[in-house]
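Keep in mind that the numbers below use all heavy atoms, side chains included, and drop hydrogens, waters and symmetry copies.
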Amino acid sequence: MNDSPGWATPGSSPSDGDRQGTPADRPGDDGGAQQPARPAGDPKWSAEQPPPGQWSSPGTTAPADSPQPPAPPAGGWGTPPGTPYGGPPAYPGGPGQWSQPPAAAKPGVIPLRPLGLGEILDGSVATMRTHWRSVVPITLVVATVIQVISVLVQKFMLNDLPLSSAEDMTAEEAIDTLGSSLAVSVVNQFIQVLGTIVVTAMLTMIFSRAILGQHSSVSTAWREARPQLLRLIGLTLLLAFGIILLGSVLVLPGALAGNIGLAVVGFVAWLPLIIWLGIKFSLASPALMLEKSTVIKAFARSSKLVGGSWWRIFGITLLTSLIAFMVALMVVAPFQLFGVFAVGGGMDALEDGSAQTAWGPLIFSGIGLIIAQTIIMPIQSGVTVLLYVDQRIRREGLDLELARAAGIENYGTTGG
């Protein structure tokens with residue numbers, strides 16, 4: 001028996017022994033006439049007879065208004081009632097009807113469900129576009145400070161280096177040039193890391209509110225990020241120290257021994273190891289900032305959230321880095337070319353090395369980098385935060401907590 005909508009309740013079919021005679025001689029064929037009484041002691045009559053007007057004889061055409069069982073769908077039996085034959089199954093939307101599942105709530109820049117690559121990238125860009133009054137001042141100020149210091153360091157630390165070509169340099173001059181260039185690189189990287197930490201801390205707070213559809217001012221973001229800032233610096237430096245320590249163990253012995261082959265083997269082992277560690281702990285900074293945890297707990301949380309999704313997070317991070325590189329190249333290259341060829345001495349300055357210390361190329365290159373970093377840093381920070389949120393939605397049902405924080409009542413208990 002099937003009581004689904006559109007199905008009539010069938011009765012028991014007459015036995016083969018009752019199929020003798022004309023249809024008029026069989027019970028129920030008169031379309032509503034009084035049924036004949038059951039002959040006493042006749043074993044061919046059932047004790048319970050169907051009501052008049054609902055029975056038809058086998059082999060005869062059923063009345064037009066009688067319910068008919070549906071034909072098997074093109075996709076085979078098992079297709080839910082109400083589904084177009086051959087189409088995908090529908091979802092129950094209520095008693096006796098079928099509809100699509102309800103869309104996930106979207107109080108802010110992302111829907112509250114597991115995210116795809118496009119939604120993660122779009123959420124980053126949407127936050128920067130919607131909350132630019134908070135995002136742009138943070139990244140612009142930090143990028144400007146970084147580049148001003150970098151230009152000054154490069155100008156005055158490399159200004160006294162010899163301008164002779166590499167073939168004409170003495171061994172002492174080559175060592176001085178290499179040492180000064182390395183020192184400039186270390187100082188610039190240190191400044192870049194500190195600036196990135198500040199931006200990451202503040203933008204994490206802005207993104208966390210943007211997910212809920214809330215606005216965050218620069219002062220609010222700073223006030224919320226400041227208590228965790230020292231821990232974030234410690235986390236970043238600890239990760240950098242670990243990478244350097246691994247390099248010292250794997251690469252330095254071969255380099256000090258003058259064994260180029262051993263140094264290359266060590267580098268080949270070191271490079272994939274630091275990539276693996278970098279992705280494994282890539283969600284530590286948002287975990288530290290948003291969960292108000294310690295450095296060690298943030299590393300453990302990142303390791304747990306990334307576990308089982310390493311390749312997915314690696315792919316999204318790599319794609320984001322490639323996008324950032326292309327944006328930086330398109331923005332910075334015109335400024336560098338203008339600085340060198342318009343006000344920096346052209347090809348002669350490039351050949352003798354004076355272009356790297358001349359004010360014109362340094363200033364124009366710095367302007368290009370400020371613009372590029374103002375665009376790139378929010379996108380990279382946003383992708384990291386949204387990856388963290390996405391992993392927690394997938395593993396811990398964070399979407400329910402976010403919905404409650406956004407003021408959506410009964411989310412997840414009444415179909416959205």
Side-chain angles (χ1 to χ4, degrees), residues 104 106 108-132 135-136 138-139 142-143 189 192-193 195-197 199-201 203-204 206-208 210-211 235-236 239-240 243 268 270-290 299 301-333 368-395 398-399:
K106 188 178 180 182
V109 294
I110 59 169
L112 300 184
R113 56 171 171 74
L115 304 175
L117 169 62
E119 290 169 328
I120 290 175
L121 294 174
D122 181 69
S124 282
V125 176
T127 301
M128 184 172 63
R129 185 177 63 249
T130 305
H131 303 273
W132 65 270
V135 173
V136 172
I138 294 172
T139 55
V142 172
Q189 283 298 115
Q192 181 75 37
V193 167
T196 303
I197 290 172
V199 170
T200 300
L203 291 185
T204 298
I206 292 176
F207 273 92
S208 66
I211 292 171
L235 183 147
T236 305
L239 185 59
I243 292 174
V268 170
W270 179 55
L271 184 60
L273 187 58
I274 62 175
I275 293 175
W276 178 74
L277 289 174
I279 299 300
K280 184 179 181 65
F281 299 127
S282 61
L283 305 184
S285 60
L288 179 79
M289 298 302 299
L290 297 177
F299 279 125
R301 284 289 287 155
S302 178
S303 177
K304 179 180 178 181
L305 292 173
V306 173
S309 302
W310 191 94
W311 284 106
R312 177 175 178 271
I313 295 175
F314 169 74
I316 294 175
T317 304
L318 178 62
L319 179 61
T320 304
S321 300
L322 291 176
I323 293 173
F325 173 76
M326 295 302 298
V327 171
L329 185 63
M330 291 187 293
V331 172
V332 176
L369 287 170
I370 289 172
I371 297 173
Q373 288 181 333
T374 302
I375 300 172
I376 291 171
M377 285 194 289
I379 296 177
Q380 291 181 312
S381 297
V383 167
T384 302
V385 173
L386 294 182
L387 276 173
Y388 163 82
V389 172
D390 175 58
Q391 289 301 109
R392 288 200 60 187
I393 288 176
R394 293 172 183 269
R395 295 173 180 268
L398 182 65
D399 52 329

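- The main-chain N or O of F299 is never found under 3.5 Å from a side-chain atom of S303 such that the two would form a donor-acceptor pair.
- Side chains of V389 and L398 form a contact here, defined as non-hydrogen atoms less than 4.5 Å apart.
- Taking both residues in full, the closest heavy atoms of Q391 and L305 are given as NE2-O, 2.8 Å, listed atom of the first, atom of the second, then distance.
- The shortest non-hydrogen separation linking T374 to A143 is OG1-CB, 4.2 Å.
- Of the options I371, V327, T139, V331, a side chain to side chain contact (heavy atoms under 4.5 Å, CB included) to I376 is made by V327 and by none of the others.
- Of all the heavy atoms in S285 and T200, the pair that sits closest is OG-CG2, 4.1 Å.
- A distance-only check finds no donor-acceptor pair linking the side chain of W310 to the backbone of I279 [under 3.5 Å].
- Contact of the I379 side chain with the I323 side chain is not registered, since no non-hydrogen atoms from C-beta on lie closer than 4.5 Å.
- Side chain of T127 to backbone of F207: no donor-acceptor contact under 3.5 angstrom is found.
- With contacts defined as side-chain heavy-atom distances shorter than 4.5 Å, the pair V383/T317 does not qualify.
- L115 and R312 get closest at one heavy-atom pair: O-NH2, 2.9 Å.
- Between the CZ atom of F314 and the CG atom of L319 there is a distance of 11.0 Å, given to the nearest 0.5 Å.
- Contact of the L386 side chain with the I211 side chain is registered, since non-hydrogen atoms from C-beta on lie closer than 4.5 Å.
- Taking 4.5 Å as the limit, every side-chain heavy atom of T196 sits out of range of all side-chain heavy atoms of T236.
- I110 is not listed as a side-chain neighbour of D390, based on a closest heavy-atom distance of 4.5 Å or more.
- Contact of the R394 side chain with the S309 side chain is not registered, since no non-hydrogen atoms from C-beta on lie closer than 4.5 Å.
- Between Q380 and T320 there is a side-chain heavy-atom pair separated by less than 4.5 Å.
- A distance of 12.0 Å separates OG in S321 from CD1 in I316, rounded to the nearest 0.5 Å.
- Of all heavy-atom pairs spanning P111 and A104, the tightest one is CB-CB, 4.4 Å.
- Of all non-hydrogen atoms in P114 and E119, the two that sit nearest each other are O-OE1, 4.0 Å.
- For the pair S302 (side chain) and K280 (backbone), a donor-acceptor distance under 3.5 Å is present.
- Taking CG from L318 and CH2 from W311, the interatomic distance works out to 10.5 Å, rounded to the nearest 0.5 Å.
- Atoms CG and CG, from L117 and D122 in turn, are 10.5 Å apart once rounded to the nearest 0.5 Å.
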